[in-house]
Amino acid sequence: MDGFVRGLFSADGFMPRWHCGNWSDFHGWLYILSDVGVWSAYTAIPAVLIYFVWRKAQIPFRGVFLLFGAFILACGLTHLLDAIMFWWPAYRLLGLIEFLTALVSWGTVFALVPIVPRALSMRSPEELQREIDARIAAELKLQRANQELEERIRQRTAELVATNATLNEQRELFRTTLASIGDAVIATDTTGRVTFFNAVAEALTGWSWAEAKGKPLPEVFRILDESTRRPAENPALRALRDGKVVGLANHSVLVQKSGRELPIDDSAAPIRDDQQRLVGVVLVFRDVTERRRAELALRANEEQLRAADRSKDEFLAMLAHELRNPLAVIRNSLELLKIGGEVQTVQWCQDVMHNQIEHIVRLVDDLLDLSRIMQGKIQLRKEPVDLVQLTTNVLAETRRDCEAREQQLSSSLPAKPVWVEGDPVRLSQILANLLSNAGKYTDAGGSISVHLESHENNAILKVADSGVGIPANMLTQIFVPFTQVSHTLDRARGGLGIGLALVRKLVSLHGGEVIARSEGLGKGSQFEVRLPIRHGAPPEVKPAWKPSAVSVKRVLVVDDNHDAAHSLSLLLRRIWKHEVRTAYDGSKAIEQARDFQPDVILLDIGLPGMDGYQTAVQLRALPGGESLLLVALTGYGQDSDRRKSQEAGFDVHLVKPASIESLQEIFSRFASDDVRPS
């Protein structure tokens, strides 16, 4: 270290500046005197700054002032050394001092940068002076306001003295009012002991005023949280503790003296004297049993609506799936028919399209039937029905589907008829839906069995399968409309969830019941239908009606859907060789009827302008109109639609899409009976 210091002050290796270059006396002394002058000024400035900072204790940015003084002092020292260099060339010392000067300079820069925004935001002396003037004016104004306030206080004190006498009277009036209002009111002192108890409070708590007077409030007013069943904080005690109004609290339960619970709303407020000192608290509460009951009902309704909305979304998704699958098959088959090919392929396409259309028709029929049943608009056409024969017929129709799914279908039926009173169409629908459900939930190679027996006063029909089974918690839920056991994306076993709901509704309309049983998932399921047996003599069995051959007729087809009208016309011409004309609205139908003189009119209801009902009335009014066979062929199939058709003069009401068999039956009956069918 000593060597380093001696090296700084050593001039070895350097020569005085007089000997560097060609300095004249004038230029040398000008340079020396200038540097000494700068050094003296740079020394005086820091001295003034230090004196200023020392005297001005509250000056902002005190450290920056001192740092700036150090920077100027260091700069002056370099100038002094520049002058000394003319005689003593201590360049090493000069370099070190200049290096330190650079450090101090940049330190000053770094210290100045963050305070510049603050310095810019500081108010100027003029602004400070204006603020001082404003404060002085405000203080003068405040003094005048205080004087005015003191005068007003003197006036108010006189008024208070005058009104103080009436307060006692008003206090008694207030007590009387509290005793007579409709809400329960309890007042306490500052220790929380009861000082007032009105009649409503007596009725709601079960405590009399004589019993409650002077008791701790929690003893006569005990409340629980309705949801947690834990003791709730007493609002009056909270108002005493915090000295604030405690707002209306909901979902509190008051435990009466007898132990009975009562839902209430409660609130409390502190009572203060003229000096705003806390002297007690008042508690107000009321019985909200009816409102709480209404709230619970409203929440239940909201939950039902949310559940219904979820069911709607699920139903729409299921409906789209159930419709798109057969439509995809129909479209593919149509494309195959366009291409053409072997007779077997064409026949296969026809069979597949027929099956898929029948599936869609059954789907729509089930939906409409369920809707009618739930609205109470369906009517059963009851007659004596032999369940043995009905089951045999349904099994014959179902067996082909089971064979296609590679399922074993077996049955066990009594040798003698089992008679019930019911609608044969609806009873067939019950069994068909149960078999369809069993088929969907049974894998290939599985088995489905049908067993019919009579026991005491009931006919018992059982449909069992070896399929996927039903969880115990779903055994009753599966009869709820649009409910399925699984909501996965695998829709292979799916459906709309209406088949079993429809079964239960139809069985109920027949005075019976249906029960689902299953030992669990993977263990199959069984559905048991019980129907009352028909007692008495066996009914007379009428021979089955067989339609006679269809004779050629003049037929008018009326439908605003051109494709529907044209396709039906082609069928009537090619199958039965009828002479057919078409019309696409009611007015054209009347014109065609006058000119063509048809024997049969197949008339749509939903026509533009004049609907099918109005058109039927005018057709009946035409010459010879009373002998027409007037058939409503429409998408409207409600009971009210059928009633309107009958009132308008239609002979038959068919729902689209009408099967070839139903059309053949109508034409055959018209030909054989030579009268309009009923």
Side-chain angles (χ1 to χ4, degrees), residues 322 325-326 351 355-356 358-359 362-363 365-366 385-415 418 420 424-455 458-472 474-479 483-486 490-504 506-507 510 512-531:
E322 289 297 310
N325 276 348
D351 293 342
N355 291 339
Q356 297 303 320
E358 288 297 317
H359 173 72
R362 286 196 301 270
L363 181 66
D365 286 344
D366 281 353
V385 178
D386 177 13
L387 285 184
V388 176
Q389 185 61 47
L390 183 143
T391 304
T392 302
N393 295 340
V394 174
L395 287 173
E397 297 175 3
T398 308
R399 195 171 301 278
R400 185 181 64 176
D401 294 336
C402 291
E403 291 173 353
R405 291 192 293 261
E406 300 181 5
Q407 296 165 344
Q408 301 295 323
L409 177 63
S410 61
S411 61
S412 173
L413 305 178
V418 177
V420 297
V425 174
R426 300 304 182 184
L427 292 174
S428 298
Q429 192 175 4
I430 291 171
L431 180 55
N433 280 1
L434 290 176
L435 289 171
S436 174
N437 183 75
K440 283 190 294 186
Y441 290 95
T442 302
D443 293 328
S447 61
I448 301 172
S449 64
V450 178
H451 177 77
L452 176 64
E453 65 180 20
S454 58
H455 180 71
N458 291 316
I460 302 174
L461 178 65
K462 299 178 181 178
V463 177
D465 62 68
S466 61
V468 298
I470 306 170
M474 293 296 295
L475 286 174
T476 57
Q477 293 297 315
I478 56 175
F479 293 107
T483 298
Q484 293 181 321
V485 174
S486 174
D490 179 11
R491 311 296 303 172
R493 306 182 187 278
L496 292 181
I498 58 176
L500 294 179
L502 189 58
V503 166
R504 185 179 68 171
L506 290 175
V507 170
H510 281 84
E513 64 175 343
V514 58
I515 302 171
R517 297 186 177 91
S518 177
E519 296 182 5
L521 291 176
K523 297 184 179 180
S525 57
Q526 176 181 288
F527 290 86
E528 179 179 305
V529 177
R530 290 176 173 264
L531 297 171

Chemist: Output the distance between atom CZ (R400) and atom CZ (R405), rounded to the nearest 0.5 Å.
Modeler: 11.5 Å
Chemist: Can you check side chain to side chain contact (heavy atoms under 4.5 Å, CB included) on L427 and L531, steps first, answer last?
Modeler: CA-CA 10 Å; L427 292 174; L531 297 171; 3.8 Å; yes
Chemist: Could you give the distance from CD1 (I460) to CG (L452), rounded to the nearest 0.5 Å?
Modeler: 9.0 Å
Chemist: Over all heavy atoms of both residues, which pair between V418 and D386 is shortest? Give the atoms and the distance, please.
Modeler: N-OD1, 3.0 Å
Chemist: Between L500 and L434, does a side chain to side chain contact (heavy atoms under 4.5 Å, CB included) hold up when you go through it step by step?
Modeler: CA-CA 7 Å; L500 294 179; L434 290 176; 3.9 Å; yes
Chemist: With no hydrogens and no angle check, do the side chains of E453 and H451 hold a donor and an acceptor under 3.5 Å apart?
Modeler: yes
Chemist: Look up atom CG in D401 and atom CG in L409, then write down how far apart they are to the nearest 0.5 Å.
Modeler: 10.0 Å
Chemist: Holding to salt bridge (charged side-chain N to carboxylate O under 4.0 Å, His left out), I want the full list of residues that pass it with R517, two or more places apart in sequence or in another chain.
Modeler: E528
Chemist: Per the side-chain contact (heavy atoms from CB on, under 4.5 Å) rule, which among V450, V514, I430, L387 passes with L461?
Modeler: V450
Chemist: To the nearest 0.5 Å, what is the distance between CD1 (I448) and CD (Q407)?
Modeler: 4.0 Å
Chemist: Can you measure from CZ (R399) to CG (L435) and round to the nearest 0.5 angstrom?
Modeler: 10.0 Å
Chemist: What pair of heavy atoms forms the shortest contact from L506 to H510, and how long is it?
Modeler: O-ND1, 2.9 Å
Chemist: Given side chain to side chain contact (heavy atoms under 4.5 Å, CB included), test S447 with T442 step by step and report yes or no.
Modeler: CA-CA 7 Å; S447 61; T442 302; over 6 Å; no
Chemist: Kindly write out the residues that satisfy side chain to side chain contact (heavy atoms under 4.5 Å, CB included) with S525, not counting sequence neighbours, or none if the list is empty.
Modeler: D465, I470, S518, F527
Chemist: Can you find a side-chain donor-acceptor pair between N393 and Q389 that sits under 3.5 Å?
Modeler: yes
Chemist: Could you report the tightest heavy-atom contact between R530 and V507, atom names first, then the distance?
Modeler: O-CG1, 4.4 Å
Chemist: Where is the tightest heavy-atom contact between L521 and G469, given as atom of each residue plus distance?
Modeler: CD2-O, 4.0 Å
